[in-house]
Protein chains: 2
Amino acid sequence: MITNQDYLYSLRKCYLFEGIGDEQLSDAIKLLNGRIRKVEKDEFIVKLGGSLQNAGLLLKGRIESSFQNESFDQITMHTFSGGYLFGEALVINGAKNSPVQVRAVEDCIVLFIDLERIYTVTDDSPIRSVLVNNLIKSLAKKNLILNQKVRILSQKSLRDRILIYLKTLPKDKDGYVKIPFTQTALAEHLGVNRSALSRELGRMQDEGILISDSKRMKLN
Amino acid sequence: MITNQDYLYSLRKCYLFEGIGDEQLSDAIKLLNGRIRKVEKDEFIVKLGGSLQNAGLLLKGRIESSFQNESFDQITMHTFSGGYLFGEALVINGAKNSPVQVRAVEDCIVLFIDLERIYTVTDDSPIRSVLVNNLIKSLAKKNLILNQKVRILSQKSLRDRILIYLKTLPKDKDGYVKIPFTQTALAEHLGVNRSALSRELGRMQDEGILISDSKRMKLN
DNA sequence: ATAAATTTGTTGCTGTGGCAACAGCTTTTT
DNA sequence: AAAAAGCTGTTGCCACAGCAACAAATTTAT
């Protein structure tokens with residue numbers, strides 16, 4: 001039996017539960033009718049064109065949302081890990097034809113929840129009003145994330161896509177950023193050809209504007 | 001003096017007030033501390049990198065949100081008219097550096113509102129709970145709109161961008177769609193070069209897959 | 001430890017679409 | 001009605017990045 005306690009860390013990271021004390025966490029999850037489910041690597045939680053009944057909260061593992069363009073290239077929307085809420089927009093819109101697919105990249109543990117209970121039921125439970133608040137903020141934040149994606153994809157040159165992407169990543173003290181993907185996956189994130197990406201990264205190093213030792217990069 | 005009554009039609013179109021009767025509309029607007037302001041053509045409501053204090057509800061006119069890529073091309077995010085709520089995501093996130101600019105394309109009338117009042121104040125006014133519900137749905141819907149934008153920008157070929165865009169527009173009985181932009185503006189929507197767009201539209205007509213008589217188009 | 005699978009660098013070829021420039025139209029302004 | 005501003009079609013040029021193919025390196029599976 002899997003308990004909430006096992007994943008307290010991920011739950012705490014989730015924006016939806018911000019401001020809700022550890023003691024009330026169980027109540028909140030009960031209120032949302034939370035159900036834990038294992039999802040195996042490479043399993044699709046949402047298929048392209050499919051629908052999703054419930055939003056999910058990722059407790060463990062990594063999940064990726066993506067789609068294909070008309071040339072059948074894979075474009076990654078977002079890769080996320082513990083504490084991430086996904087599928088809210090689909091569920092709230094009652095979308096029948098999902099424009100994205102959602103796939104487990106590793107073995108995952110997901111807490112599925114009935115989001116509607118946050119905003120349709122109208123009692124004045126104090127927990128609910130916190131949840132409402134957090135849900136609104138989550139949605140607004142995801143909006144900005146999507147904006148960022150649009151910004152990357154709007155760049156004309158591959159180099160600009162790389163530069164913008166790198167600027168979003170947090171720098172460590174030496175000014176390096178960690179790339180959380182293989183180069184192949186990075187290409188899918190930036191929506192570019194893999195070998196073209198490799199070539200451009202090489203060029204940038206030749207020109208001296210980029211230092212790159214596998215998985216770590218630094219701009220000048 | 002401008003009254004709410006003057007713009008009842010636009011207010012009714014706004015998703016935020018769905019399910020709120022005409023009689024209660026004034027109460028709702030009072031609750032949100034609504035203030036009407038004229039915005040002149042070409043005035044910026046949000047500048048790039050700036051911030052926005054209040055969300056706006058467009059009562060009259062047309063507004064466009066856009067940004068520039070690193071090559072200084074103008075990319076249009078969204079053009080909207082009466083009844084549209086904008087700036088929510090910026091306000092809710094408290095964004096200091098707006099990634100987009102918002103500009104009046106025509107002379108506009110805007111109702112600015114204090115969105116926070118919807119979700120921070122915690123009394124159990126029945127109007128508020130409707131507003132909360134609608135705000136959540138609005139945010140989720142905007143999410144899908146952004147998704148659509150990402151989808152267009154992820155296409156490798158100009159033609160695919162055009163095709164996908166056309167498919168989102170509503171067809172009339174003859175299968176024609178109305179293009180609500182000049183070709184120049186359409187190019188900015190699709191994030192492509194204006195003359196390349198013109199060229200490609202020409203090609204498509206030559207190939208017989210598109211019929212186009214100024215402002216109206218039809219696919220085969 | 002070995003094999004299998006995946007990732008990465010590299011390179012020649014090629015097509016698409018960006019760019020600039022201009023002429024002809026259309027729309028807006030005065 | 002005239003002038004100004006903006007939109008559209010067209011064209012030659014060419015760079016960027018997609019593509020395919022392969023070998024080398026790295027990672028994962030058995």
Side-chain angles (χ1 to χ4, degrees), chain A residues 40-42 62 64 68-76 79 105-107 152-165 179-207 210-217, chain B residues 40-42 61-62 64 68-76 79 103 105-107 152-165 179-207 210-217:
Chain A
E40 277 179 31
K41 179 176 172 180
D42 287 330
R62 259 162 41 107
E64 178 188 278
Q68 286 168 242
N69 66 17
E70 302 289 310
S71 317
F72 304 104
D73 304 312
Q74 178 98 191
I75 312 282
T76 306
T79 306
V105 181
E106 311 170 350
D107 286 340
I152 287 180
L153 294 175
S154 296
Q155 299 307 320
K156 217 152 34 199
S157 74
L158 209 171
R159 178 170 297 194
D160 283 334
R161 293 194 186 196
I162 296 170
L163 290 174
I164 289 187
Y165 174 73
I179 310 293
F181 304 116
T182 65
Q183 216 175 80
T184 306
L186 180 57
E188 288 179 353
H189 262 262
L190 302 180
V192 300
N193 179 275
R194 198 268 319 161
S195 72
L197 173 61
S198 174
R199 183 203 287 147
E200 185 65 30
L201 286 173
R203 268 188 208 142
M204 289 168 76
Q205 288 184 81
D206 291 347
E207 290 178 32
L210 178 77
I211 303 170
S212 163
D213 53 73
S214 77
K215 299 282 140 176
R216 282 181 3 130
M217 293 188 187
Chain B
E40 278 180 30
K41 180 177 171 179
D42 287 330
R62 261 166 35 113
E64 178 188 277
Q68 287 167 241
N69 66 16
E70 302 287 310
S71 316
F72 303 105
D73 305 312
Q74 178 98 192
I75 311 283
T76 307
T79 306
R103 200 186 102 241
V105 181
E106 311 170 351
D107 287 340
I152 287 179
L153 294 175
S154 297
Q155 299 307 320
K156 217 154 32 202
S157 74
L158 208 173
R159 177 170 299 193
D160 283 335
R161 293 195 187 196
I162 296 170
L163 289 175
I164 289 187
Y165 174 72
I179 310 293
F181 304 116
T182 65
Q183 215 174 81
T184 306
L186 179 58
E188 289 178 353
H189 262 262
L190 302 180
V192 300
N193 179 274
R194 198 267 318 160
S195 71
L197 173 61
S198 174
R199 183 204 284 147
E200 186 65 29
L201 286 173
R203 268 188 207 142
M204 289 168 77
Q205 284 178 266
D206 290 348
E207 291 179 32
L210 179 76
I211 303 170
S212 163
D213 53 75
S214 78
K215 301 281 142 171
R216 286 184 357 133
M217 292 188 188

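Everything numeric in this text was worked out from a predicted model, so none of it was measured. Lettering of chains follows the sequences in order, A, B, ..., and the numbering in each one begins at 1.
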Check A/Glu200, A/Glu207, A/Gln205 against A/Arg203 for a side-chain hydrogen bond (donor to acceptor under 3.5 Å, both in side chains) and give me the one that passes.
-> A/Glu200
Are any of the side-chain heavy atoms of A/Arg159 and A/Ile164 separated by less than 4.5 Å?
-> no
Heavy-atom closest pair (B/Lys41 atom, B/Val105 atom, distance to 0.1 Å) is CG-O, 3.4 Å
If you round to the nearest 0.5 Å, how far is CD of A/Gln155 from CD1 of B/Ile75?
-> 7.5 Å
At what distance, to the nearest 0.5 angstrom, does CG of A/Leu201 lie from CD1 of A/Ile162?
-> 4.5 Å
Atom of B/Arg161, atom of B/Leu190 and distance for their closest heavy-atom approach | NH1-O, 2.7 Å
Ordered by number, residues from residues 180-190 of chain A within less than 4.0 Å of DNA chain D (heavy atoms) are none
Would you sort out whether A/Leu186 and A/Tyr165 count as a side-chain contact (heavy atoms from CB on, under 4.5 Å), showing the intermediate values?
-> CA-CA 10 Å; A/Leu186 180 57; A/Tyr165 174 73; 3.5 Å; yes
Taking protein heavy atoms under 4.0 Å as touching, what does nucleotides 11-30 of chain C look like 5' to 3' if B marks base contact, S marks sugar-phosphate-only contact and - marks none?
-> BB----BBBBB---------
Note down the inter-axis angle between the two ends of the helix from C/dA1-D/dT30 to C/dT30-D/dA1, five pairs each, to the nearest 10°.
-> 70°
Could you tell me the separation between the CG atom of B/Leu201 and the P atom of D/dC7, rounded to a whole number of Å?
-> 16 Å
A/Ile211 side chain reached by A/Met204 side chain, heavy atoms, under 4.5 Å = no
Euclidean distance, atom CD of residue A/Gln205 to atom C1' of C/dG9 [Å, nearest integer] | 11 Å
So A/Glu106 and A/Asp42, side-chain contact (heavy atoms from CB on, under 4.5 Å) or not? Walk me through it.
-> CA-CA 7 Å; A/Glu106 311 170 350; A/Asp42 287 330; over 6 Å; no
Only one of B/Asn193, B/Asp73, B/Asn69 passes side-chain hydrogen bond (donor to acceptor under 3.5 Å, both in side chains) with A/Lys156; say which it is.
-> B/Asp73
